[in-house]
Amino acid sequence: IFTVGSTKQLFVALVVAVTWLLFVMLCQPWKLGSDNAVAMSCSFSFVIVLIIAQVFKISELADEQQGLMSKWQYDLLKTNEAALAVAMFVFTIAIFLLVCGTIGAQVYVGHLKDKQAAKWSVPTLDPPYFHWRPKRGLYSCFLSHYKMEVGSDARYLSDLLRKMLRCPAFLDSSTLNDLRTLFSEGIAKSDVIIMLGSEGYITRPWCLLEIFEATRIGVPFLLLECPTFNLAKAREFVANLDEELDLTTTPNPKTFVQNQKNALWSRKLVEITIVNYLGTNDLTELKAALVGMLDSVEGDMTIAWNSNARDEQILEQAMHICERMGELAGISVKWQHDKINLHGTGASLKKYILAELTTLRLALGKLHVYGGVIVCDRNAAHREARVLQAELSCMMGKPVLVGGNLEEETPIKAIRDVHSPPTVSLLMTADVLYNKHAMAE
């Protein structure tokens with residue numbers, strides 16, 4: 001359409017570049033403000049480059065047409081190329097420094113947020129740590145779970161592992177609209193798949209596909225057995241997978257909208273999702289992957305997980321999880337701590353760490369000024385209380401306690417502190433007002 005390097009071509013390119021710059025400035029299409037700043041800087045730089053190119057082109061044309069122009073017209077159009085080149089170089093350096101500064105500020109702010117979140121993920125206990133270096137990409141582990149049953153457990157465990165391993169764990173908190181992106185960005189870049197085994201975990205199509213994909217690319221499994229999980233029932237479900245997921249019938253599109261609230265039709269929808277991903281009604285490969293996963297976590301390979309336990313018990317479970325992750329990923333986990341000297345190995349080291357941290361927690365508990373106390377029925381909402389505890393501690397900049405246990409005197413003492421009384425939050429569940437611990441607090 002245009003001659004390469006012609007004035008018309010440069011003019012059209014300039015119009016397009018200016019239009020895009022205005023779009024970025026007005027709409028700010030990127031999620032992070034720093035990303036929008038980088039986009040605007042790059043777009044603005046491109047506009048300047050095109051303007052300078054246009055000026056050079058006009059100067060070149062002036063030289064070609066010098067004999068047809070008067071002196072003042074020639075002087076007007078002729079450009080001092082050396083000065084313009086210097087100005088362009090200085091401008092390029094300035095834009096480069098601006099972009100580098102923006103990216104650096106983004107990384108620094110992200111580091112501060114991660115550090116703050118890690119600090120308050122377990123505000124009443126200071127766990128040991130290990131610097132995990134991912135072998136597959138970005139994450140120490142991928143937390144596969146059924147949100148309706150253990151969503152809060154997964155969130156709490158993600159924060160705890162991030163604090164102890166100094167490395168993020170992949171936790172999907174969005175709607176699963178694009179499974180392939182979830183697999184390529186999550187499972188493929190995680191060293192271990194941690195499955196939170198709740199009662200309905202093995203029946204969820206999304207979880208089944210996560211197991212299938214992890215098996216396909218060779219990511220090892222670690223099963224955390226929640227109190228409601230039954231391995232025998234899971235094996236029975238897998239053995240009868242073809243009957244459990246009857247994929248021989250396709251719903252009528254004309255009646256589907258009218259029946260979508262029906263549980264049967266909702267189940268059929270997610271079952272069809274499995275077929276779309278696998279590309280076939282044949283469940284042989286999926287079934288083989290599930291059997292292989294169950295065989296790999298049989299016996300001592302499974303770790304019990306109870307989110308209603310006390311902090312010291314939670315920490316013991318978390319240390320066991322991290323050490324088992326290291327075995328599966330071929331990473332030797334060696335614990336460190338900034339406040340206690342660690343010695344010994346294996347079970348003796350773990351016992352020593354727990355004893356020392358309990359002593360340290362009791363000593364620091366007398367010095368802390370607590371920001372709040374969460375009153376709850378631990379049997380009904382302890383996992384939710386732990387997630388809320390981390391969020392409130394981070395927002396308030398002070399540790400927040402979880403009550404509901406008369407064996408722990410710290411919440412009562414904190415509430416009685418007349419000099420710096422904490423904010424008391426009540427997690428309202430069905431029987432919390434009948435709970436003697438909550439009533440005492």
Side-chain angles (χ1 to χ4, degrees), residues 116-127 148-164 196 198 226-228 304-319 339 353-441:
Q116 188 74 356
K119 177 181 179 181
W120 298 114
S121 59
V122 192
T124 54
L125 194 60
D126 188 11
M148 293 296 293
E149 293 181 343
V150 289
S152 297
D153 288 61
R155 171 72 180 278
Y156 177 73
L157 185 60
S158 172
D159 290 342
L160 180 56
L161 292 178
R162 177 177 57 186
K163 184 170 187 175
M164 296 180 68
L196 273 74
S198 57
C226 299
T228 58
W305 170 257
N306 181 11
S307 59
N308 289 329
R310 297 181 62 176
D311 281 351
E312 290 81 359
Q313 296 168 323
I314 287 284
L315 180 56
E316 185 176 8
Q317 295 177 78
M319 291 175 66
K339 297 177 182 176
I353 290 175
L354 293 172
E356 287 295 311
L357 288 178
T358 301
T359 303
L360 183 63
R361 182 173 72 92
L362 293 175
L364 293 177
K366 299 176 182 179
L367 305 176
H368 270 313
V369 176
Y370 294 98
V373 174
I374 300 173
V375 178
C376 67
D377 178 358
R378 289 197 174 195
N379 292 325
H382 196 190
R383 63 191 70 177
E384 288 80 5
R386 288 187 181 278
V387 174
L388 183 61
Q389 176 190 33
E391 291 295 325
L392 290 178
S393 298
C394 187
M395 292 174 65
M396 302 176 73
K398 297 179 182 179
V400 173
L401 296 167
V402 175
N405 187 348
L406 289 182
E407 295 179 6
E408 299 177 359
E409 299 179 355
T410 309
I412 295 289
K413 291 181 178 178
I415 293 173
R416 289 175 177 169
D417 186 355
V418 295
H419 300 291
S420 183
T423 299
V424 177
S425 304
L426 174 64
L427 273 184
M428 187 64 80
T429 51
D431 298 324
V432 66
L433 296 181
Y434 297 97
N435 183 289
K436 61 181 180 180
H437 310 305
M439 291 302 294
E441 291 164 354

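- Residues Trp305 and Leu157 form a side-chain contact, since some pair of their non-hydrogen atoms from C-beta on lies under 4.5 Å apart.
- Between the Arg378 side chain and the Gly403 main chain, a donor and an acceptor come within less than 3.5 Å of each other.
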Begin from the C-alpha positions of Val432 and Leu427 and carry the test side-chain contact (heavy atoms from CB on, under 4.5 Å) through to its verdict. CA-CA 8 Å; Val432 66; Leu427 273 184; over 6 Å; no

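- In this structure, Leu401 CG and Gln389 CD are separated by 7.0 Å, a value rounded to the nearest 0.5 Å.
- With sequence neighbours excluded, no residue forms a side chain to side chain donor-acceptor pair (under 3.5 Å) with Asn308.
- The minimum heavy-atom distance between Val387 and Ser152, with the atom names listed, is CG2-O, 3.4 Å.
- The CE atom of Met439 lies 6.5 Å from the CG atom of Leu433; values are rounded to the nearest 0.5 Å.
- Within the model, atoms CG of Asp377 and NE2 of His437 stand 8.5 Å from one another, a figure rounded to the nearest 0.5 Å.
- Listed for the Thr228 side chain is no donor-acceptor partner under 3.5 Å among the backbone atoms of Ser198.
- Closest non-hydrogen pair, Val150 versus Cys226, comes out as CG1-SG, 4.1 Å.
- For the side chain to side chain donor-acceptor pair (under 3.5 Å) test, no residue two or more places apart in sequence or in another chain qualifies with Gln317.
- To the nearest 0.5 Å, the span separating CG on Leu315 from CE on Met164 amounts to 5.0 Å.
- Each of Arg383, Arg386, His382 was checked for a side chain to side chain donor-acceptor pair (under 3.5 Å) with Asp153, and the lone residue meeting it is Arg383.
- Closest heavy-atom contact between Ala385 and Cys376: CB-SG, 3.9 Å.
- Side-chain contact between Asn435 and Asp431 is absent, with no heavy-atom pair separated by less than 4.5 Å.
- Listed for the Ser158 side chain is no donor-acceptor partner under 3.5 Å among the backbone atoms of Ala154.
- Scored by the salt bridge (charged side-chain N to carboxylate O under 4.0 Å, His left out) test, Arg155 finds Asp159, Glu391 as partners (sequence neighbours excluded).
- Within the 4.5 Å cutoff, side-chain heavy atoms of Val400 are placed close to those of Ile374.
- Here the CD-OG1 distance, from Glu384 to Thr429, works out to 9.0 Å after rounding to the nearest 0.5 Å.
- Ile314 CD1 to Asn306 CG: the interatomic distance, rounded to the nearest 0.5 Å, is 6.5 Å.
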